[in-house]
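Here is the structure we will look at.
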Amino acid sequence: QVQLVESGGGLVQAGGSLRLSCAASGRTFSNYAMGWFRQAPGKEREFVATISRSGIITYYADSVKRRFTISRVNARNTVYLQMNNLIPEDTAVYLCAASGRVTATTESSAYTYWGQGTQVTVSS
């Protein structure tokens, strides 16, 4: 089992920044690719960003490219999502997830463990 706890969400004005953190416990963190997803009210969960076990490979949704950065510190069992130039459309619950796949993946079905999520609200 892997337990994931997100933090860092909040209310921010458009154009502002937030950094989300996801702390993992349980099994060896470096054995898992990590991902961030988000779900807005009335919408399907959508992929945001993913990072490989080593941190070398990353993928982003087109909607967040050049604004968001995913990173990880395996020694701290933590993955981060730096979000800059936030827009109201970024408002959602952000969830981190862990996948046992060797490479980073955008498919939510590949992720076995999920956190509870942290709310991000961007006002216009």
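Please read all numbers here as calculations on a predicted model, not as lab measurements.
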Determine whether Leu4 and Tyr94 fall in the same hydrophobic cluster, where Ile, Leu, Val, Met, Phe, Trp and Tyr are linked whenever their side-chain heavy atoms lie under 4.5 Å apart.
-> yes

How far apart are the closest heavy atoms of Ala110 and Thr105, and which atoms are they?
-> CB-CG2, 3.6 Å

Atom OG in Ser63, atom CZ in Phe68: separation rounded to 0.5 Å?
-> 7.5 Å

Return the minimal non-hydrogen interatomic distance between Ser71 and Ile51, and the atom names on each side.
-> CA-CD1, 3.6 Å

Heavy-atom nearest pair, Ala92 first then Ala40, reads CB-N, 3.8 Å

Just wondering, are more than 12 heavy atoms of other shown residues or ligands nearer than 6.0 Å to OH in Tyr60?
-> yes

Validate the cation-pi geometry between Arg27 and Tyr113: distance from NZ or CZ to the six-membered ring centre under 6.0 Å, angle to the ring axis within 45°.
-> no

Okay, side chain of Glu6, backbone of Gly117: is any donor-acceptor separation there less than 3.5 Å?
-> yes

Look at the aromatic rings of Phe37 and Tyr111 and report parallel, tilted or perpendicular, splitting at 30° and 60°.
-> perpendicular

Mind checking the OG1-CD spacing from Thr91 to Gln119? Nearest 0.5 Å is all I need.
-> 7.5 Å

What are the two closest heavy atoms between Pro88 and Ser124, and how far apart are they?
-> CG-CB, 3.8 Å

Side chains of Val79 and Phe29: does their closest heavy-atom pair fall under 4.5 Å?
-> yes

Is there a path of hydrophobic side-chain contacts, each under 4.5 Å between heavy atoms of I, L, V, M, F, W or Y residues, that connects Leu81 with Val120?
-> yes

Atom of Gly9, atom of Thr118 and distance for their closest heavy-atom approach | N-OG1, 3.2 Å

Can you measure from CD1 (Ile87) to CZ (Arg67) and round to the nearest 0.5 angstrom?
-> 4.5 Å

Sub-3.5 Å donor-acceptor pair from the side chain of Thr50 to the main-chain atoms of Met34, do we have one?
-> yes

Path from Val93 to Leu18 over hydrophobic side-chain contacts below 4.5 Å | no

Donor-acceptor contact below 3.5 Å, side chain Arg53 vs main chain Gly100 | yes

When you measure from the side chain of Arg45 to the backbone N and O of Ser108, does any donor-acceptor pair fall under 3.5 Å?
-> no

Pair Ser52-Thr103, side-chain contact (heavy atoms from CB on, under 4.5 Å): steps then yes or no = CA-CA 5 Å; Ser52 62; Thr103 59; 5.8 Å; no

To the nearest 0.5 Å, tell me how far Cys96 SG sits from Ile70 CD1.
-> 9.0 Å

Which atom pair, heavy atoms only, marks the closest approach of Asp90 to Arg38?
-> OD1-NH1, 2.9 Å

With rounding to the nearest 0.5 Å, note down the distance linking CZ in Arg72 to OG in Ser21.
-> 13.5 Å

Side-chain touch Tyr80/Val73, heavy atoms, less than 4.5 angstrom | yes

With rounding to the nearest 0.5 Å, note down the distance linking CG in Leu95 to CG in Leu20.
-> 10.5 Å

Shared hydrophobic cluster, Tyr59 / Ile56 (ILVMFWY, side-chain heavy atoms < 4.5 Å) = yes

